[in-house]
Amino acid sequence: MAAPAPAASSKRDLLIFDAEENLAVALAKYTADLSAKFAAERGAFTVVLSGGSLIYALRKLTEAPYLETVDWSKWHVFWVDERVVPKDHEDSNYKLALDGFLSKGAAEDYETILKQLVKNGVLAMSKTTGFPRFDLQLLGMGPDGHIASLFPGHPLVKENTKWVTHILDSPKPPPQRITFTFPVINSSAYVAMVVTGAGKAGAVQKAISDKKTSDLLPVEMAILDDGEFTWFTDKEAVSMLQN
Ligand SMILES: O=C(O)[C@H](O)[C@@H](O)[C@H](O)[C@H](O)COP(=O)(O)O
């Protein structure tokens with residue numbers, strides 16, 4: 001599969017920090033600045049989160065000055081993916097329902113909620129793609145190059161109609177998850193891809209290389225239609241890049 005060419009207005013940046021602490025300081029400022037921009041422009045800030053170490057990387061937002069200066073009332077927080085897990089121990093009827101329809105239902109519920117937020121103006125729509133346009137998606141990447149719950153070689157990476165979909169056979173446990181699709185990720189105004197540590201160096205190198213092969217990693221398929229994509233990395237994560 002050939003890599004789609006980024007639209008003329010899309011921009012990509014690579015930020016490399018000496019230490020994770022400095023990444024966290026910069027990520028808090030970046031997020032707080034975008035929060036102020038979108039709150040002023042549209043009266044709402046739609047921000048998407050992934051799981052993993054990203055949440056720890058955002059810790060400075062809950063410290064001075066941001067805790068007081070950010071207008072949290074404008075924030076609408078979404079999850080790029082979610083693990084569909086039982087709240088307590090497994091029971092066979094519950095498992096049956098979960099396998100059969102619950103995880104699919106959760107994806108459809110989530111999509112319905114997003115459509116309502118578009119109707120009432122909280123969530124913008126992309127003028128070109130026909131998918132919702134989140135102000136900021138703060139994402140992590142696995143060592144295999146997966147983002148959200150979109151895994152290498154899985155057919156879900158080709159989903160091009162749904163906004164949210166479900167997966168029953170995630171290669172990373174737990175197997176049942178719901179996830180935003182690529183058209184939703186790629187319609188964002190801003191994406192911060194927060195990736196640290198040597199375990200990610202191979203996938204970072206492949207993603208940043210100009211030589212594109214047919215076996216694109218999910219992270220390589222995150223090509224914004226009209227937006228700004230910024231890598232927040234540390235030295236270890238970029239250790240395989242050629243100078
Ligand atoms: O549910 C999951 O499997 C995680 O949400 C996952 O998608 C995570 O975002 C990446 O694997 C990066 O995680 P780390 O930053 O912790 O390595």
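Computed from a predicted model, the values in this text were never measured in an experiment. Along the sequence shown, residues carry numbers from 1.
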Is the backbone N or O of [Y] less than 3.5 Å from a side-chain atom of [X], with the two atoms forming a donor-acceptor pair by type?
X: W231; Y: I16; answer: no
X: T129; Y: S126; answer: no
X: K212; Y: A207; answer: yes
X: T46; Y: W75; answer: no
X: T181; Y: W163; answer: yes
X: Q205; Y: L241; answer: no
X: R177; Y: P174; answer: yes
X: D81; Y: I178; answer: no
X: R133; Y: L123; answer: no

Closer than 4.0 angstrom, basic N to acidic O: yes or no for [X] and [Y]?
X: K206; Y: D215; result: yes
X: E21; Y: R59; result: yes
X: K11; Y: D13; result: yes
X: D135; Y: K37; result: no

Subject >> K115 atom NZ: more than 12 heavy-atom contacts under 6.0 Å >> reply: yes
Subject >> Pair listing, salt bridge (Lys or Arg N to Asp or Glu O under 4.0 Å) test, anchored in residues 22-31, at least two apart >> reply: K29-D33
Subject >> Test ring-ring contact (aromatic ring centres under 6.0 Å, His included) applied to F229 and Y190, step by step >> reply: CA-CA 6 Å; F229 183 107; Y190 291 83; over 10 Å; no
Original post:
Once the angle between the rings of F232 and F17 is folded into 0 to 90°, is it parallel (under 30°), tilted (30 to 60°) or perpendicular (over 60°)?
Top reply: parallel
**OP:** Fit a plane to each ring of F134 and F78, take the angle between them on a 0 to 90° scale, and name the class: parallel (under 30°), tilted (30 to 60°) or perpendicular (over 60°).
**Re:** perpendicular
Subject >> For W79, ring pair (Phe, Tyr, Trp, His ring centres under 6.0 Å) partners two or more places apart >> reply: none
